[in-house]
Visitor: 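Once you've had a glance at the structure underneath, I'll fire off some questions.
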Amino acid sequence: MRVVVDSIIGCGHCFFCQSEQYALCDNTNPKPELTDKLYGYPTAGIYGYSHAFGGFAGSHATYVRVPFADTNAFEVPEGLPDERVVFASDALPTGYMGADLCNIQRGDVVAVWGCGGVGQMAILSAYLLGAERVIAIDRFPERLAMARDRAGAEILDYEQVDVREALREMTGGRGPDACIDCVGMEAHGTGIDYAYDRVKQAVRLETDRPTVLRQAILACRKGGTVSIMGVYGGFVDKFPMGAAMNKGLTLKMGPQHGQRYIPRLLEHIRKGELDPSYLITHRARLADGQEAYDTFKEKRDGCMRVVFTPEA
Ligand SMILES: NC(=O)c1ccc[n+]([C@@H]2O[C@H](COP(=O)([O-])OP(=O)(O)OC[C@H]3O[C@@H](n4cnc5c(N)ncnc54)[C@H](O)[C@@H]3O)[C@@H](O)[C@H]2O)c1
């Protein structure tokens with residue numbers, strides 16, 4: 001049997017898992033002290049993440065031990081190639097949840113910041129959930145081209161245009177109905193606020209760069225939804241609370257509850273309604289992992305996702 005395993009670990013039995021909020025699980029983080037202090041309550045364990053989230057080793061390995069496998073492993077339907085289902089463990093449910101949190105209505109316009117693996121999956125998911133138009137924002141030409149050609153988005157290069165003005169123009173002056181942040185705390189930017197964040201980060205007065213978060217809150221139409229899937233770790237500055245409050249925005253966010261979504265995503269893949277395999281730009285052997293990780297990290301050679309095979 002082949003299985004897909006979600007990247008965030010749920011126990012399946014606690015209050016949170018029982019309400020399908022698996023990433024908030026009470027029981028799978030064996031080192032809860034850190035997030036208990038920092039966030040008020042500890043959250044779930046995550047593979048290949050930091051010690052604050054349990055210190056579990058990553059899953060790029062020949063064998064992986066899966067805690068609570070009955071909750072976290074999902075059988076892959078016969079006949080689907082590995083490469084079509086491998087992203088159902090993380091990027092796909094993350095992008096899908098980002099779109100799901102937007103309560104998309106038929107005809108909606110959705111803006112997606114970030115055309116990495118998560119952003120690409122958010123674009124596909126927004127269309128699946130009924131969006132009429134999706135506008136994707138990034139600066140890498142190959143990622144923007146992928147968003148346009150493979151996911152069907154209209155595209156904006158944030159280094160070439162004023163994103164807020166462009167979105168206003170493209171939506172007849174109203175703004176997108178929903179905005180999805182698929183970038184998070186390591187955002188880049190061009191404006192004065194970006195320079196401000198860089199300086200504050202350098203002197204440790206701020207941990208995260210909320211460039212995209214600010215932009216999404218300001219660009220979103222009145223009464224719209226901002227969905228945050230990009231990870232933030234600590235504290236942000238100049239958060240436009242006034243805009244969010246006075247425009248009546250709904251803010252939704254969180255680590256992905258993949259166990260809630262994976263069965264329906266595998267079904268979409270089986271029916272040919274979704275094919276995330278275009279994210280694979282590189283293949284490597286586990287033995288060449290270091291070089292592949294460097295290529296991925298530096299986004300060299302158009303790298304989006306590397307798939308490892310033990311003896312490829
Ligand atoms: N919520 C979850 O459970 C969950 C799960 C997986 C990943 N994530 C997070 O989702 C985010 C995206 O992941 P990824 O794998 O796609 O990352 P990635 O680094 O491949 O993609 C991020 C993209 O954002 C773009 N970007 C940077 N600044 C931007 C800006 N100002 N405007 C528009 N685009 C900008 C970058 O050019 C890049 O292409 C990360 O923060 C990651 O940690 C969250």
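Indexing begins at 1, ligand by ligand and atom by atom, following the structure's order. We use all heavy atoms of the structure for the numbers below, so side chains are in, but hydrogens, waters and symmetry mates are not. It should be emphasised that the depicted structure is a prediction, and the values quoted were computed from it without experimental measurement.
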Visitor: Between Arg305 and ligand 1, find which residue part has any heavy-atom pair under 4.0 Å and reply side chain, backbone, both or neither.
Guide: side chain
Visitor: Determine whether a donor-acceptor pair (N or O, by modelled atom type, separation under 3.5 Å) exists between the side chain of Arg221 and the backbone of Arg168.
Guide: no
Visitor: Any atom of ligand 1 sitting under 4.0 Å from a heavy atom of Ala23?
Guide: no
Visitor: Hey, does the side chain of Lys222 reach the backbone of Gly248 with a donor-acceptor pair shorter than 3.5 angstrom?
Guide: no
Visitor: Specify side chain, backbone, both or neither for Val163, according to which of its non-hydrogen atoms lie closer than 4.0 Å to ligand 1.
Guide: neither
Visitor: Should you measure from each heavy atom of Val212, which atoms of ligand 1 turn up under 4.0 Å away?
Guide: 30 (C), 31 (N), 32 (N)
Visitor: Between Met229 and ligand 1, which residue portion shows a heavy-atom distance shorter than 4.0 Å: side chain, backbone, both, or neither?
Guide: both
Visitor: Hey, is Cys182 one of the residues with a heavy atom under 4.0 angstrom from ligand 1?
Guide: yes
Visitor: Just to be sure I read this right, does ligand 1 sit under 4.0 Å from the backbone of Ile137, its side chain, both, or neither, counting only heavy atoms?
Guide: both
Visitor: May I ask you to test the Ile135-Met170 pair for a side-chain heavy-atom distance under 4.5 Å?
Guide: yes
Visitor: Using a heavy-atom cut-off of under 4.0 Å, does the side chain or the backbone of Lys299 touch ligand 1, or both, or neither?
Guide: side chain
Visitor: Can you tell which part of Thr94 has a heavy atom less than 4.0 Å from ligand 1: side chain, backbone, both or neither?
Guide: side chain
Visitor: Which of the atoms of ligand 1 are close to Gln256, meaning less than 4.0 Å from one of its heavy atoms?
Guide: 1 (N), 2 (C), 3 (O)
